[in-house]
Amino acid sequence: MTDLLSRMDFPALFPRVAVGRLTSGIIQPKTLANLDSLGLGPSKRWRVGRSVFYERDSFIEWFASRVKLPESKTIRGGKPVPQSRSAEVLGYLTDGFGVG
């Protein structure tokens, strides 16, 4: 996951207000502000006046740690559940979506 995020176009230092745009809406600035206030945000951040800035590598490491990969489903006997045709098509259409 970190490899995928490192290919995204994050500047070396960026403001909290840009987080929504940089993550394609996955994390919103207000959510990040709430997590920061709880001590659960990225470790390296700076406050300049009223603005908060994050370091790219620290943010990517933090963001990757929050991503949970889906578990594959199995049926009795440990066999994988057959994938539906619509799931196949959806996987095909979204493969690499959002990766520049």
Same hydrophobic cluster for [X] and [Y], using side-chain heavy-atom links shorter than 4.5 Å among ILVMFWY?
| X | Y | answer |
| --- | --- | --- |
| F53 | L35 | no |
| I26 | L22 | yes |
| V48 | L32 | no |

Judged by atom type as modelled, is there a donor-acceptor pair below 3.5 Å linking the side chain of W62 to the main-chain atoms of D57? no

Report the distance from atom CZ of F63 to atom OG1 of T23, rounding to the nearest 0.5 Å. 5.5 Å

Tell me every residue that passes salt bridge (charged side-chain N to carboxylate O under 4.0 Å, His left out) with D36, counting only those two or more places apart in sequence or in another chain. R16, R45

What's the shortest heavy-atom distance between V19 and I27, and which atoms? CG1-O, 3.6 Å

For T31, what residues pass the side chain to side chain donor-acceptor pair (under 3.5 Å) criterion, not counting sequence neighbours? none

Is there any ring pair (Phe, Tyr, Trp, His ring centres under 6.0 Å) pair reaching into residues 12-45, and which pairs are they, with sequence neighbours excluded? F10-F14, F14-F59

Using side chain to side chain contact (heavy atoms under 4.5 Å, CB included) as the criterion, list what pairs up with K44, not counting sequence neighbours. W46, E55, S58

